[in-house]
Amino acid sequence: MDILTTLGVKTKEALASLYDIAEGEITFENTNPNFAGDYTFVVFPYLRHSRKKPEDTAAEIGDYLKENVAEIDGYNVVKGFLNLELSNDYWLNVAQHRIDEGVTVPNIGGGKKVVVEYSSPNTNKPLHLGHIRNNVLGFSFCEILTANGYDVIKNNLVNDRGIHICKSMIAWQKWGNGETPESSSIKGDHLVGKYYVEFEKKFQAEYATWLSSEEGLAQLETFKTSNAAKKYIKEEADLNKAFKSEYKNTYFNNHSDIGAEVKTMLKQWEDNDDEVIALWKKMNGWVYDGFDATYNRLGVSFDKIYYESNTYLLGKEMVQQGLESGAFFTKEDGSVWIDLTDEGLDEKIVQRADGTSVYITQDIGTADLKYQDFQMDKFIYVVGNEQDYHFKVLQLILKKLNKPYADGLYHLSYGMVDLPEGKMKSREGTVVDADELMDEVLSTAQKQTEELGKTEGMSAEQLTELYETLGMGALKYYLLKVDAKKRMMYDPKESIDFQGNTAPFIQYTYTRINSIIRAANETGKSTVFVEPNNLEAEEKDLIVLMNAYPAAVNAAANNYNPSEIANAVYELAKAFNKFYHEHIILGAEDEAVRGFRLALSQAVGETIKHGFSLLGIGVPARM
RNA sequence: GGUUCCAUAGCUCAACCGGAUAGAGCAACGGUUUUCUAAACCGUAGGUUCCAGGUUCGAGUCCUGGUGGGAUCACCA
């Protein structure tokens, strides 16, 4: 029986026999490091039954437990806190089990099927830092679920059609002069992105001209006296600027020449125009080549890729079902809506008056498609928290449609990544490009490694691989160590820092262990676990932390939060470095002590490697 | 304005779902290398956990009300 279970049972017994308490859930906490002991039982809640001072109550329970639980060596009491001290034999036992069995994670998934959607890029722009957080988070979380016994399907929904890609296409057609990734040596996704930017530039210029035209100025005057302008007047905002942003979409739709071209192209695409489809395929092909390279480098992969061009018409049938069942209603113009005011939300459109679908319609359809394809128990969307509302609505709609899978929807909502200068804004050119960023961390890894000069004898390929492992590790760890839910700050200086709570620090710890084990093997020293006579504090810390690791893996899955694993691994690495500094391992005189420490070190190394693999980070043999 | 998320050391983040004296890293200062990799280790300094109430034996954590910030409230995706 697990020690905590035993303690729970015995403590219940103690409470019953001492104070006649029958009910209640018994919980233990890890003893605060400032006090002696391993687990702590808080007696305050039981004082009204015991009718004794906290100290006396704790002591009575402590006596009972010491008497009845073999693993308890002793206890101490501070106010109402009963600190239980477990024997060294118990901890050595734990160590032996861990060493014999390797890392074992309790199976909480039970083979349940989970579809995880992440990445979900648009095909008009290259990936940026925000996408990296998404990809790294999504991939890591899939690894974590798998380790917990879930059957995971990683899926990507590629947004490959729509007005945005048409903008790139028009720009390329008009101003591209036949430029290709080959002819320009520009990575495909960046090339397409270049034309997207080009389009925006030309459009802005056209818009600016119009704004100062007679018609534009007339519209501005109309705007100034309109209702829409009132709130700007209240805020004392610049009305010219306000008009410029307010009217932009209207201008694009009703006045712009290139806007009209884009819209025509989108229509042609929907009508399956051969030429447009060919161009679309060509340019998307470039983007996919580019994305594949980036995904490869990030080390992420997918089991199933959905393309919006195939799924964007889905969901209409379900809109019909919803109309029949009364979940949806039709407005006068023929558009279809759902009323969510009972849930504290608004009315939400699910189909336009012309019968075409909107964003959420597609998601309704895709959810159903996923269910047809996989009959999953749960389906998770790794999407930024800016879409909290969208997924709340999506789930409610699925519920109102009585879909059996509706309850299985979970939005893994992660926070935005901010820069020291503020928010990333593509319009202001402050986005951090994914490929550039990866190059940067890589060259930093190389520079650092070369400065330290410990890689003598390594081949060019080995070095390249090492820089990749260190650089990508640093970047991924930087993004994964903070709580996924929280908005985070990306400081370029910090992200390439290799000291302290960073991947290279942990990787370094791993290589230290690795080199000791290697030396032990070379000199024929046994790394087999031997029970020593004594247990040092630093040794015990390692056992305690390794013992806690599987629970952290469970918690990371339950809380949708890889950072719990990052923290657990960091604590372990830190504890090992302290142990390493305080105690000699390979050179220990006593054979039993040496064997024990070697076995323990090896187990620490395995745990680090295990944890890092769940984060999608590799460990080098040496560095 | 409605809804919603957030606020912890100079900076970036923890704090095991209500427990003890709130912890790390970075930055600053000082120390450690004839011993298994110093990308390491040890020490010093740094806090009214945004504010005001409330619940509780006990609150950074729960509730209410403020203040400040983000997101969202599109027939965009």
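In what follows, every chain begins at residue 1, and chains take the letters A, B, ... in the order their sequences are listed. Remember, it's a predicted structure, so these values are computed and weren't measured experimentally. Quick note: numbers below take in every heavy atom, side chains included, and nothing from hydrogens, waters or symmetry partners.
Remark: A/Gln351 engages no residue in a side-chain hydrogen bond (donor to acceptor under 3.5 Å, both in side chains) (not counting sequence neighbours). Residues passing the salt bridge (charged side-chain N to carboxylate O under 4.0 Å, His left out) test with A/Arg133: none are found, sequence neighbours excluded. Every residue was checked against the salt bridge (charged side-chain N to carboxylate O under 4.0 Å, His left out) condition with A/Glu55, not counting sequence neighbours, and none meets it. A/Phe291 meets the ring pair (Phe, Tyr, Trp, His ring centres under 6.0 Å) test with no other residue; sequence neighbours excluded. A/His581 is linked by a ring pair (Phe, Tyr, Trp, His ring centres under 6.0 Å) to nothing, counting only residues two or more places apart in sequence or in another chain. Evaluation of the salt bridge (charged side-chain N to carboxylate O under 4.0 Å, His left out) rule for A/Lys52 yields A/Glu60 as partners, not counting sequence neighbours. Residues meeting the salt bridge (charged side-chain N to carboxylate O under 4.0 Å, His left out) test with A/Lys263, sequence neighbours left out: none. Judged as a side-chain hydrogen bond (donor to acceptor under 3.5 Å, both in side chains), and not counting sequence neighbours, the contacts of A/Glu85 are A/Asn76.
Between the side chains of A/Tyr359 and A/Gln387, at least one donor N or O lies within less than 3.5 Å of an accepting N or O. A donor atom on one side chain and an acceptor atom on the other are found under 3.5 Å apart for A/Asn83 and A/Thr40.
Cation-pi geometry between A/Arg161 and A/Tyr312 is satisfied (NZ or CZ under 6.0 Å from the ring centre, within 45° of the ring normal).
For A/Asn249, the side-chain atoms get nearest to B/A74 when compared with the rest of B/A74, B/U72, B/A20. The nucleotide whose nearest atom lies closest to any side-chain atom of A/Asn83 is, among B/C41, B/A20, B/A24, B/A20. Here the nucleotide nearest the side chain of A/Asn501, chosen from B/G25, B/A20, B/A14, is B/G25. Closest to the A/Ile585 side chain, of the nucleotides B/U21, B/C36, B/A40, is B/C36. Here B/G19 is the nucleotide among B/G19, B/G25, B/C36 with the atom lying nearest to any side-chain atom of A/Phe81. Comparing B/G70, B/A24, B/U35 by their nearest atom to the side chain of A/Lys574 picks out B/A24. Among the nucleotides B/C36, B/A20, B/U4, the one closest to the side chain of A/Lys392 is B/U4. Looking at the side chain of A/Tyr570, the nearest of the listed nucleotides B/U12, B/A24, B/C36 is B/A24. Taking every side-chain heavy atom of A/Met488 into account, B/C13 is the closest of B/C13, B/C41, B/A74.
For the pair A/Arg487 CZ and B/G68 P, the computed distance is 18 Å after rounding to whole Å. The distance between atom CZ of A/Phe28 and atom P of B/A20, rounded to the nearest whole Å, is 17 Å. Atom CG of A/Asn547 is separated from atom P of B/C16 by 19 Å (rounded to the nearest Å). What separates CE of A/Met424 from C1' of B/G70 is a distance of 14 Å, to the nearest Å. If you measure from atom CD of A/Glu582 to atom C1' of B/U35, you get 14 Å, rounded to the nearest angstrom. Here the P atom of nucleotide B/G69 and the CE atom of A/Met489 are 16 Å apart, to the nearest Å. One atom, OH of A/Tyr39, and another, C1' of B/A20, lie 18 Å apart when rounded to the nearest Å. Rounded to an integer number of Å, the gap from A/Tyr580 OH to B/U33 P is 15 Å.
Listed by residue number, the members of residues 476-486 of chain A with any heavy atom below 4.0 angstrom from RNA chain B are A/Val482, A/Asp483, A/Lys486.
Look at A/Arg512 and you'll find a side-chain N or O under 4.0 angstrom from OP1 or OP2 of B/A38. Between A/Lys79 and the phosphate of B/U21, there is a side-chain N or O to OP1/OP2 separation shorter than 4.0 Å.
None of A/Leu466, A/Thr449, A/Asn514 except one satisfies the side chain to side chain contact (heavy atoms under 4.5 Å, CB included) rule with A/Pro620; the exception is A/Leu466.
A/Asn577 comes within 4.0 angstrom of the backbone, heavy atoms only, and of no base. Residue A/Phe505 is in sugar-phosphate contact alone, with no base atom involved, counting any heavy-atom pair closer than 4.0 Å across all strands shown. Across all strands shown, A/Ser563 has no heavy atoms under 4.0 Å from either base or sugar-phosphate atoms. Looking at heavy-atom distances under 4.0 Å, A/Phe498 makes contact with a base. Contacts of A/Pro45 with the nucleic acid, taken as non-hydrogen atoms under 4.0 Å apart, include base atoms. Using a 4.0 Å heavy-atom cutoff across all strands shown, A/Thr356 reaches no nucleic acid atom at all.
With hydrogens and angles ignored, a donor-acceptor pair closer than 3.5 Å exists between the side chain of A/Asn30 and the base of B/C16. Looking at A/Thr40, its side chain comes within 3.5 Å of the base of B/A20 through a donor and an acceptor atom.
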Each nucleotide N or O in nucleotides 75-77 of chain B that has a protein N or O under 3.5 Å away: list the pair and distance.
residue	atom	partner	partner atom	Å
B/C75	O3'	A/Arg352	NE	3.3
B/C75	N4	A/Asp333	OD2	2.5
B/C76	OP2	A/Arg352	NE	3.3
B/C76	OP2	A/Arg352	NH2	3.2
B/A77	OP1	A/Arg352	NH2	3.3
B/A77	OP2	A/Tyr359	N	3.2
B/A77	O3'	A/Asn159	ND2	2.7
B/A77	O3'	A/Glu308	OE1	2.7
B/A77	O3'	A/Glu308	OE2	3.2
B/A77	O2'	A/Asn159	ND2	2.3

Between protein and nucleotides 61-63 of chain B, what N or O pairs are separated by less than 3.5 Å?
none

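Salt-bridge annotation for A/Lys331 and A/Glu347: present, with a side-chain N of the basic residue lying under 4.0 Å from a carboxylate O of the acidic one. Under a 4.0 Å N-O distance rule, the pair A/Lys485/A/Asp483 qualifies as a salt bridge.
Panel note: side chain A/Asn156, backbone A/Ser120; a donor-acceptor pair is recorded below 3.5 Å.
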Pairing string, 5' to 3', for RNA chain B - Watson-Crick or wobble contacts under 3.5 Å, brackets [ ] where pairs cross, | to another strand: (((((((..((((.....[...)))).(((((.......))))).....(((((..]....))))))))))))....

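Glycosidic conformation, B/C63: anti, with the torsion outside 90° of 0.
Residue-nucleotide stacking is not present for A/Phe44 and B/G58, judged by a side-chain ring centre under 5.5 Å from the six-membered base ring centre and planes under 30° apart.
Separation of atoms CZ (A/Phe579) and CG (A/Asp541) is listed at 10.5 Å; rounding is to 0.5 Å. From A/Lys348, atom NZ reaches atom NE2 of A/His390 across 7.5 Å, with rounding to the nearest 0.5 Å.
Summary of the strand contacts: A/Leu470 and A/Asp497 both lie near RNA chain B, and taking for each the nucleotide with the nearest heavy atom, the more 5' one is attributed to A/Asp497.
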